[in-house]
Amino acid sequence: MSNSEENLNTTFLNKNSPLRVKKVVVLTTAMLTFIPFWKAAAVVLCDFGSSAFYVGGIAMRAFGQAFPWYVIAVMLFAGAMLAVYTESCSMFVRGGVYKVVKEGLGGTVAKVATGAIMFDFVLTGPISGVSAGHYLSGLINSLFHHFGVTMYIPENTFAVCFAILVTMFFWYQNVKGIEDSSDKSAKIIIFAFFICVILFVWSIVTIAKRGAVLPTFALDFSDHAYGWVKPTLLQKIGMLGVVMAIGHSVLALSGLETMAQVFREIEYPKIKNLKKAAIIVFIFALVFTGGLTFLSSLIIPPEIIGQYSENLLSGLSMQLWGPQGLKLILQALVVFAGVIMLSGAVNTALIGSNGVLNRVAEDGVLTDWFRNIHPKYGTTHNIINVVAITQILIIVLSGGKVYLLGEAYAFGVLWSFVLETAAIVMLRFKNREKKREFMVPFNIKIKNYYFPVGITIILLILVALAGVNLFTKKTATITGISFTVFLFIVFWISEKLNAKKANAMFEEGHREKINTKNVNSLEEVLGKLNKPNTTLVAVKNPSNLYHFEEVLKTLDENTTDVVIFYAKPVTESRFGRNVSFAPTEENELFTKVILSAEKFGHRVMPILVQSNDAFYAISQVAKASGANQIVMGVSGSHGANNQLERLVMAWGALKKEELEKKINVRILWEGREVSHTLE
Amino acid sequence: MNSEPEDKTSISNFINTNNVLIVKENISKNNLIEKLVEILCKQDTSLDKNNILQLVLKREEGISTTLDTGLSIPHARFEGIDNFKCAFAILPNAALKDEGNDIDIKAMFLFVSPARSDFFKKHLNLLSNLSQTFQSQFISDIISLNSEQEIFEKIASKSS
C-alpha cells in the first residue's frame, strides 16, 4: 500500500463508503493572501517612484533651470490624484481605469481611456529601461575615467541594448507567469529610501560647505517644448507658461494606476489601509522624486547640469562635496537603486498592460486570440507578446534618447487621469445612493447630493494640463492620438467579431485562474491552522455566498482561521428519491469566493474535497481542522432544519469521543439564522 | 437513578421488546417503514397511522436519512405528541438497498418527535445519538442476535 493510500486510510474510515471524502485539493491561488498597507505602498512606489530618475532631466531640457519647482508642484498634485484613486477603489475592488470609466462614462469612452493607459504602459517600459541603461553606462564611464581607462561606452547604444535585455527578461518572466512579490518591492523601496537619506544628508553637508543658490522660477522653453504654440502667446497669457511647464513635468505621475491594481491585495480594513498606503506613497514621492530633483538643481552647477539630463541623480552624487572614491561608491549605489527600481517599472508596465487588456478581454471586447492561454504556463501570452514587442520597437526607435521618450510620455497618463476623474465625478451623480468609504474632500451637501467641488477642481486642472499638452507636446499628441485611435479600432473590430461570444462571456463573467494542489490528507493541509479559533464555511452555490460574507464582516483575523470548503461530488448523487444534484463548476464558485475575500481583505484557506455527501465531508473537515464553528448557507430545496438533521447524523457517525470544545453550527440566509451546538 | 442532562436522549428509553422487529424476508424500504409505523401506532393508539406514514415518507423525499454504516433513520415531526415515539428493525439478511446512496440498510430506527420548536434540539440530539451508537460494528453485532430481548439488552448496555 502506498504512503498516500495509508494516509487516506488513516483519515477516512470506511474508505469504501461512497459518501466519505475521497480526495482533498487545496487551492493555492495567490489572490487569497493579502498584504499590509506598507507593502502595497512599496508596490506602487516601485513604479511611481522610479520617475525620480528621469523626470528632472526631461523637464530641464523642456523649460530650463526652473524644473525642480515644477516637479515638486507635480508631486504635490499627486496627493490629489491619490485621493481620486482612493475614491475609485472605494467603489470597485477590482477597479482601474477601464472599469471606472466604463461605469461612469460608458463602454466607448472606456475603450479610449484604455488606449490612453496602454500608451502610458508601452512607454513606461522603454523610458524606464533606457533610463536605467543611461545610469549604468554613466557609472561605467565614470569608473573608466576614474581608473584611467581610455574606453568609452556610447550611452545611447548601451541604453537601447540594456533596455531590450531587461524587457526580454521580464517578457519571459511574465509569459511563465512568475508572480511579482510585494516582499521584493518592499526591499527595493527600503534600499531606495536608504540611498535617499544618504543623498539628503550628504547634500546638506555639501550646501553647508559650498553654499547654494535657489533655482530660478523663470521659464526658458526650448524650441520644441512650444509644440504648436507660438512663443508670443506666452507673453500675452502668462499663466500658460506655468501650465506648459507643469505639463512637461506631469510624466512623473505615471505609475499611480498601480494603486488600483494593488488594492485588491490589500488586507482588511481595505480603505483604511489604502489611505495609509496613499500617505506613504505621497510623502515618499515628494521627498524622493521632488526632493532629490530639487537637490540636484542646488548641487549640480548650472553650467554642467545639462550633461546629466539623462542621469540626473548620478550627477547629484558625482557633484557632492567629498573624495572622488566615495562619490563613485555613492554613484554606484544610486545606479544600483535606479536600475532595480527602473527595471521593476519595466516589469510593472508589462504586468499592468496585461492586467488592463485582460479586464477588457473579460468583457468580450478582444477576440479569442488575445485571450489564448499558453499551453504550458497558463498565461495570456499573446497579450504579453504584443506589448513586449511594441515596447522593444519603441526602444529601438527612440535610439536610447530619454528625452524623446519623455516627449511622447504624459499623453497616456494625463488623458487616462482626465477620463477616470471625469467618470468618478459622473458616478457621484449616477450612484449617489451608493455609500462610499471615502470621497475626495471638499463636497457641498445639498439635500441628498454631495456636489463634488474638490474633485471637479482636480478635473479642471487635469483638463487644462491635457489640453495644453495637446498643443505643446507634438510627439506625444501625434503618437498618443494615433496609438489610441489604433487601439480603439482594434477593440471595435474585435468586439464586432466577438459579438455573440461577448454576450456569452458577459453572462459567464470573469473566471479567476485557480491553482490547485492535491494533498494526501485533510490533516496535511489543516494542520497548518494555528489560531485559537477555526471557522469552517461550506460553500456550494456561487450565487449564495451570503453566509460567507457575513463571516467576513465580523471576522477577527488575529484569533480566527477561516477555511472555505466545497464538497465536489464524484458522481451525480441523489439525496432522496426525487432530488437530483448537479455538481457546481468549482472555478466559478471559487472565483466568487476570491472576489468576496478581496472585498474584505481577509485571508482564507480554500479547499475542495471530493465526496458524495457534503455533510459527511463537512463533519470530516470540521473534525480534522478542530473547528469551533461551522457556517452554511441555506438549501433552497431542503430547508435549514433538514440540513441540520443530516449534519448531526453525519457528525454522530464520525464522532468517536467527546469533543474538547463544542462546535457551533450556523445556517445563514438573508436576515435569518438557524443554529445548533454539536457536543 | 441516573440523572441525565435535560436534553440528553438515551435510546434505551425508547426501545423495548414490543417495538423491535427482526425482518428476515425480502422487503421494500417503504413497506418496512409502514410496518414500523404500525408498531409505533400500536404503542399509542391516538396516533393516526396514515398521517404518520405520509409525514415520514414525505421526509424521506428530502435529504437522505441513511448513513453509510447501514443505519436508516426515517422520521418526522408531528403535532399532538409530547415525546418521541420509536420503532426499530434489523435486517439480518441485508437485502434492502437505499436507492439514493446505494447503501445496504441493515437497521432502521423510525421515530416521530413533537413538532414544537423547543423540542428541536432534543430531536437533533437523538439523531446524533443514533448515528453515534449504531456504528458499523455495533450493527453487525446486533443483526447477529436472535431475539428482540437480546437486541433490547444490547442497545440498553450500549446506551448506558
Report task. Report, as yes or no, whether the 6.0 Å neighbourhood of atom NZ on Lys531(A) holds more than 12 heavy atoms from other residues, nucleotides or ligands. Result -> yes
Requested in this report: Could you tell me whether Asp556(A) atom CG has more than 12 heavy atoms of other residues or ligands within 6.0 Å of it?
Outcome: yes
Using 0.5 Å steps for rounding, measure from the [atom1] atom of [X] to the [atom2] atom of [Y].
X	Y	atom1	atom2	answer
Ser675(A)	Lys121(B)	OG	NZ	9.5 Å
Ser64(B)	Asp613(A)	OG	CG	7.5 Å
Ile63(B)	His638(A)	CD1	NE2	4.5 Å

[X] vs [Y] side-chain heavy atoms within contact, under 4.5 Å:
X	Y	value
Ser128(B)	Met649(A)	no
Arg59(B)	Asn642(A)	yes
Arg77(B)	Asn641(A)	yes

Query raised in the report: By a 4.5 Å heavy-atom criterion (distance strictly below it), what part of Phe134(B) contacts chain A: side chain, backbone, both, or neither?
Result: neither
Report summary line: Applying a strict 4.5 Å limit to non-hydrogen atoms, the region of Ile73(B) in contact with chain A is side chain
**Report entry** Backbone of Ala653(A) reached by a side-chain donor or acceptor of Gln135(B) within 3.5 Å
**Finding:** yes
Query - Side-chain (Tyr616(A)) to main-chain (Asp68(B)) donor-acceptor, under 3.5 angstrom - result: yes
Report summary line: Nearest heavy-atom approach of Ala650(A) to Leu67(B) is N-CD2, 4.3 Å
Query - Closest non-hydrogen atom pair between Leu124(B) and Val648(A), with its separation - result: O-CG2, 3.5 Å
